[in-house]
Amino acid sequence: MMANRLARKDVVIVGLGWTGSILAHELTDEGLDVIAIERGPWRDTATDYPPNYAQDELRYRIRHELFLRPDQMTFTFRNKMDQTALPIRTWGAFMPPNGVGGGGVHWNAETWRFLPSDFILRTHLTERYGASFLPEDMTIQDWGVTYEELKPHYDQFEYLCGTCGTAGNLRGQIQKGGNPFEGPRSRPYPNLAQKQGFGHVL
Amino acid sequence: MLFCRRELLASAAWLAANTALSRASTISSSLPWHPNAGYPPSPTHVGPWLYFTVDEATTVEAIADRIIPPDPQTPGGKDAGCGVYLDRQLAGPYGRSEGHYNSGPFLPGMKNQGQQSQDGFAKQYRGWLAALDKYCSTNHDGKHFAKLADAEKDDLLSGLESGKIQLEGTDGQKFFEQIVQDIQTGFFADPIYGGNRDMVAWKMIGFPGARYNYLDWIDRHNERFPLPPVSMMGRADWSIKSG
């Protein structure tokens, strides 16, 4: 069979989830010709997330309709070297995404920023508890990128998503109602905090 | 979507006739789905058993009534339709383990490696129920499971659960675990699937069902939600009554 040679593109993106979509958005804004390849189905909001059956827990939660089907691709699994690895036939602990939207289709929609100390964890713990605090075989390191460097990108992503919340630290000023331990933000969240369910106020 | 399903059905049939399975396929000319096609669930219908024999169904319903016994407020597993639910599930994609990884190697795995059987659930249930029937006829004077007294049924089920009672040629513990899971699923799933008849399970636990959203109720804590449950098919009293 002859290979079907498609028209040449500037960029090919493999996987059209959050990352692929944002990349495609940025690259097309720069005037590049972009094509994205996705292993799963195309999905339309109105018909693939319909308000009259999207609540179906059997179909979506128990039978994993939105996730990758293990017959498309799976992994083998074992806990220890002396065991025999076997295929995962149905998902259990983790569920890879499938289709346009990727994990963004079924994520928990929480976009935490890491704390400034998270980026320099080794330095932070050593400064706080002394050089002998971390065992020798503990391999945690600093990331090599700091909160300050990532801050504008956090901000850009939050404003792209329309993230809701109450800022706890605006340009160094602690704000009432927010997380006082968070890294400083350059401006408030783009949307107001949502109402809190029962579980959140216990 | 339809194309995908048909292709899978065809490959499942092909698998039955061959031991190897080729997954590679070429899709040409159009994509195997249609934009805005949607894929709503299709309601189960009352009628004859689609997968179980009458004897198998009688056993399954009797087990369902021990897993979820009836009480004065709520029907048990049988009258809630759990047997119908499981029958329709086994006759459909679930029974064939459709979408699961169904190729080799097949080895008896550890518990935490999950389901490793070469057979779909439909075939496994057929084996389990035949083995249970055989156990009953040997140890209970030829009586079917459904004819046993409740205490005898419970002893047998507890024996399967603990592994004290072994079924010939099959894993009774696995059977117990699977049927408890399936009966419970049928009891609490939307009535569209054949169990949870008249939303009895949801009424029992006060679950309001497939409502659009609860935005007005998010910050009203510890208040009872006043509306009755609703299924994906709506409610009986929403239908236009004819005549």
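Sequence lines set the chain letters: A, B, ... in the order given, protein chains first and strands last, and positions in each chain run from 1. Values in this document were obtained by computation on a predicted structure and should not be read as measured data. Just so you know, these numbers use all the heavy atoms, side chains as well, and skip hydrogens, waters and symmetry mates.
Interface remark: B/Ile192 contributes no atoms to any contact with chain A (heavy atom separation under 4.5 Å). Only the side chain of B/Ala189 comes within contact range of chain A, with at least one heavy atom under 4.5 Å from a heavy atom of that chain. In this structure, the portions of B/Asn112 lying under 4.5 Å from any heavy atom of chain A include both its backbone and its side chain. Within the 4.5 angstrom heavy-atom criterion, atoms from both the backbone and the side chain of A/Thr84 approach chain B. In this structure, the portion of B/Tyr94 lying under 4.5 Å from any heavy atom of chain A is its side chain and not its backbone. Neither the backbone nor the side chain of A/Ala54 comes within contact range of chain B, judged by heavy atoms closer than 4.5 Å. Proximity to chain B (any heavy atom under 4.5 Å) is shown, for A/Arg78, by both the backbone and the side chain. Neither the backbone nor the side chain of B/Arg220 comes within contact range of chain A, judged by heavy atoms closer than 4.5 Å. If you measure heavy-atom distances from A/Pro50 to chain B, you find no contacts under 4.5 Å at all. Proximity to chain B (any heavy atom under 4.5 Å) is shown, for A/Leu86, by both the backbone and the side chain. Looking at B/Gln89, the atoms closer than 4.5 Å to chain A (heavy atoms on both sides) all sit in the side chain, from C-beta outward. Only the side chain of B/Tyr193 comes within contact range of chain A, judged by heavy atoms closer than 4.5 Å. Within the 4.5 angstrom heavy-atom criterion, only backbone atoms of A/Asn52 (N, CA, C, O) approach chain B.
When every heavy atom of A/Ile88 is checked against every heavy atom of B/Tyr101, the shortest pair comes out as O-CB, 3.8 Å.
With values rounded to the nearest 0.5 angstrom, B/Ile218 atom CD1 is found 6.5 Å from A/Lys195 atom NZ. With rounding to the nearest 0.5 angstrom, the CG atom of B/Asn196 is 11.5 Å from the CG atom of A/Leu58. In this structure, the separation between CZ on A/Arg69 and CD on B/Glu98 is 5.5 Å, given to the nearest 0.5 Å. Distance check: A/Arg59 CZ to B/Met232 CE gives 8.0 Å after rounding to the nearest 0.5 Å. Taking CE of B/Met110 as the start and CG of A/Asn79 as the end, the distance is 5.5 Å to the nearest 0.5 Å. The structure places OH of B/Tyr212 at 9.5 Å from CD of A/Gln55, a figure rounded to the nearest 0.5 Å.
Annotation for A/Gln156: atom CD does not count as buried by contact number, only 12 or fewer foreign heavy atoms lying within 6.0 Å. Heavy atoms from other residues, nucleotides or ligands lying under 6.0 Å from CD1 of B/Ile205 number more than 12. Residue A/Phe114 qualifies as open at atom CZ: its count of foreign heavy atoms under 6.0 Å is 12 or below. For A/Trp112, the CH2 atom counts as loosely surrounded, since its 6.0 Å shell holds 12 or fewer non-hydrogen atoms of other residues, nucleotides or ligands. Heavy-atom neighbours of B/Arg211 CZ from other residues, nucleotides or ligands within 6.0 Å: above the threshold of 12. For CD of B/Glu223, the number of neighbouring non-hydrogen atoms (other residues, nucleotides, ligands) closer than 6.0 Å is greater than 12. The environment of CD in A/Glu110 is crowded: more than 12 heavy-atom neighbours from other residues, nucleotides or ligands sit within 6.0 Å. For NZ of B/Lys123, the number of neighbouring non-hydrogen atoms (other residues, nucleotides, ligands) closer than 6.0 Å is 12 at most.
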| task | Carefully, step by step, assess A/Phe198 and B/Asn222 under the rule side-chain contact (heavy atoms from CB on, under 4.5 Å). | result | CA-CA 8 Å; A/Phe198 187 40; B/Asn222 279 327; 3.7 Å; yes
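For the residue pair A/Arg89/B/Gln116, the side-chain donor-acceptor check at 3.5 Å is satisfied.
Counting heavy-atom pairs under 4.5 Å between each of A/Gln83, A/Gln194, A/Glu57 and chain B puts A/Gln83 at the top. Contact tally against chain A (heavy-atom pairs below 4.5 Å) for B/Gly104, B/Ser97, B/Pro105: the top residue is B/Pro105.
In this structure, the side chain of B/His221 does not engage the main chain of A/Val201 through any donor-acceptor pair within 3.5 Å.
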